Amino acid sequence: MLDNRFNYINVPGLGGSGEHHWQTFWEQAYPEIHRVQQADWDHPICSVWVNKLQLITETCSDKPVVLIAHSLGCVTVLHAVAQRKLKGIAGAFLVAMPDAERADFPKECIGFIPVPRIVLPFPAVMIASENDPYITSPELKKWADVIQASFVSVGQRGHIGTAAQLTYWEEGQQLFRSFVEQL
C-alpha cells in the first residue's frame, strides 16, 4: 500500500507501458496508481498528451497527486507545467527522460520540442541509467539541474523500460517510497 495522502498517476512514454513494463507491474501491485490513457501511444501529439494528463489530474482533485513518469511521459510533464495545465501536484518521479531534441528522436512524436526549460513548482527526482540509449547520464543530470530535481543514477539499466526486464523493479519502488516520504 502506498501513502494514502496522495493520488498516484502513471504517465507512460512512447508506445505506452506494455504488460512487461515496471509501470504496469506497479499498477497491478498498487491499485491506487492510475494511468493516463492516451488515444494513440505510437503517434503522440504533445498537446493531446498534455490535455489527457490535465484531465486525469483534475479527476484526482480530492488529494494531491504524485506523478510517476517514464520517458516521453517526463517530457509531457514538463510541457504541462510550462502551459500551467497542472494543479495539485505534490511531486514527480521522473524516470529515463529522453533527449527529445536530438536529431534521431522518433519523428512520430509531434510538438514535444523544444522541451521547456523550467523550474518545477513541486519536488521532483530524476532517475537515470548510465547506458540509456536516448540520453547520456551527464545530459540528464543537466536537465535535473535545470528543473531543480534531485538526481539518482540506478547504474546500467538501459532505458529503464520493458527491455530491462525489471518487472516490479524493487529498487525503483524503494526510491519511489523514499521520495514520497519526503513530500
Side-chain angles (χ1 to χ4, degrees), residues 1-14 17 22-23 26-27 30-38 44 46-101 111-129 132 134-135 137 139-154 160-161 169 171-183:
M1 177 161 200
L2 298 175
D3 187 325
N4 65 6
R5 295 177 296 154
F6 304 107
N7 284 307
Y8 301 92
I9 299 175
N10 264 341
V11 188
L14 179 64
S17 294
W22 60 267
Q23 283 184 309
W26 285 17
E27 289 170 14
Y30 306 103
E32 58 267 45
I33 298 177
H34 305 282
R35 179 183 293 227
V36 174
Q37 293 297 331
Q38 299 293 352
C46 185
S47 60
V48 173
W49 278 35
V50 165
N51 287 338
K52 288 284 191 168
L53 176 56
Q54 177 186 9
L55 286 173
I56 194 168
T57 59
E58 288 173 352
T59 65
C60 294
S61 62
D62 60 320
K63 297 184 220 178
V65 171
V66 178
L67 301 172
I68 308 164
H70 179 256
S71 192
L72 194 60
C74 300
V75 179
T76 302
V77 169
L78 294 182
H79 277 282
V81 170
Q83 296 171 33
R84 296 189 170 103
K85 298 271 186 163
L86 300 181
K87 294 182 173 76
I89 306 301
F93 189 75
L94 306 170
V95 180
M97 185 176 108
D99 180 357
E101 296 176 346
F112 290 90
I113 58 172
V115 178
R117 284 149 174 81
I118 55 167
V119 174
L120 293 179
F122 43 77
V125 60
M126 181 93 51
I127 308 297
S129 168
D132 191 323
Y134 300 106
I135 194 166
S137 186
E139 289 171 329
L140 198 52
K141 173 68 171 104
K142 288 179 188 175
W143 271 107
D145 291 343
V146 166
I147 66 173
Q148 294 187 2
S150 57
F151 179 83
V152 176
S153 172
V154 293
I160 316 176
W169 190 30
E171 176 189 20
Q173 287 186 53
Q174 291 172 354
L175 291 168
F176 181 66
R177 286 179 186 278
S178 176
F179 172 66
V180 170
E181 285 173 7
Q182 298 172 26
L183 298 177

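All of these numbers come straight from a predicted model, not from anything done at the bench.
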**Pair Trp22-Ile68, side chain to side chain contact (heavy atoms under 4.5 Å, CB included): steps then yes or no** = CA-CA 11 Å; Trp22 60 267; Ile68 308 164; 3.8 Å; yes
**Message:** Working note: Arg35 + Ser17, criterion side chain to side chain contact (heavy atoms under 4.5 Å, CB included); need CA distance, chi angles, decisive distance, verdict.
**Reply:** CA-CA 10 Å; Arg35 179 183 293 227; Ser17 294; 3.7 Å; yes
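The side chain to side chain donor-acceptor pair (under 3.5 Å) check on Glu32 picks up nothing, with sequence neighbours excluded. Taking Phe151 as the reference, nothing meets the ring pair (Phe, Tyr, Trp, His ring centres under 6.0 Å) condition, with sequence neighbours excluded. Glu58 pairs by the salt bridge (charged side-chain N to carboxylate O under 4.0 Å, His left out) definition with nothing, not counting sequence neighbours. With sequence neighbours left out, Ser129 forms a side chain to side chain contact (heavy atoms under 4.5 Å, CB included) with Asn131, Asp132, Arg157, Ile160. For Arg5, the salt bridge (charged side-chain N to carboxylate O under 4.0 Å, His left out) partners two or more places apart in sequence, or in a different chain, are Asp3. Under the rule for a salt bridge (charged side-chain N to carboxylate O under 4.0 Å, His left out), Lys87 has no partner lying at least two apart in sequence or in another chain. By the side chain to side chain contact (heavy atoms under 4.5 Å, CB included) test, Pro121 is found to be paired with Val81, residues two or more places apart in sequence or in another chain being considered. Taking Asn4 as the reference, nothing meets the side chain to side chain donor-acceptor pair (under 3.5 Å) condition, with sequence neighbours excluded. In this structure Thr57 satisfies the side chain to side chain donor-acceptor pair (under 3.5 Å) test with no other residue, sequence neighbours excluded. For Lys52, the side chain to side chain contact (heavy atoms under 4.5 Å, CB included) partners are Val36, Gln38, not counting sequence neighbours.
Shown here for His34 and Cys60, the closest heavy-atom pair between the two residues is CD2-SG, 4.5 Å. Here the shortest heavy-atom pairing between Ala100 and Ile113 reads O-CG2, 3.0 Å. Across Gln23 and Asn10, no two heavy atoms sit closer than the pair O-ND2, 3.1 Å. Contact between Gly111 and Cys46 at its shortest, heavy atoms only, is O-CB, 3.3 Å. Pairing each heavy atom of Gln83 with each of Val50, the nearest pair is OE1-CG1, 3.7 Å. Here the closest non-hydrogen pair linking Leu78 and Pro116 is O-CG, 3.8 Å.
Just one of Ile89, Val146, Leu94 meets the side-chain contact (heavy atoms from CB on, under 4.5 Å) condition when paired with Leu120; it is Leu94.
For the atom pair Asn7 CG and Leu67 CG, the distance stands at 10.5 Å (nearest 0.5 Å). Note that CE of Met97 is 12.5 Å distant from NE2 of His70, once rounded to the nearest 0.5 Å. In this structure, OG1 on Thr76 lies 13.5 Å from CD on Gln54, to the nearest 0.5 angstrom. Annotation: the span from Ile9 atom CD1 to Thr59 atom OG1 amounts to 6.5 Å, rounded to 0.5 Å. In this structure, the separation between NZ on Lys85 and OG on Ser47 is 8.5 Å, given to the nearest 0.5 Å.
Side chains of Leu2 and Val180 form no contact here, defined as non-hydrogen atoms less than 4.5 Å apart. Looking only at side-chain heavy atoms (C-beta outward), Tyr8 and Trp26 stay at 4.5 Å or farther from each other. Tyr134 places none of its side-chain heavy atoms less than 4.5 Å from the side chain of Ser71.
Sequence neighbours left out, the pairs with a member in residues 114-127 that pass salt bridge (Lys or Arg N to Asp or Glu O under 4.0 Å) are Glu101-Arg117. Screening residues 141-154 for side-chain hydrogen bond (donor to acceptor under 3.5 Å, both in side chains) gives Glu130-Ser153, Lys141-Asp145 as the qualifying pairs, with residues at least two apart or on separate chains.
The aromatic rings of Trp169 and Phe93 are tilted relative to each other, their planes meeting at an angle between 30° and 60°. A tilted orientation is assigned to the rings of Phe176 and Phe179, their planes being inclined by 30° to 60°.
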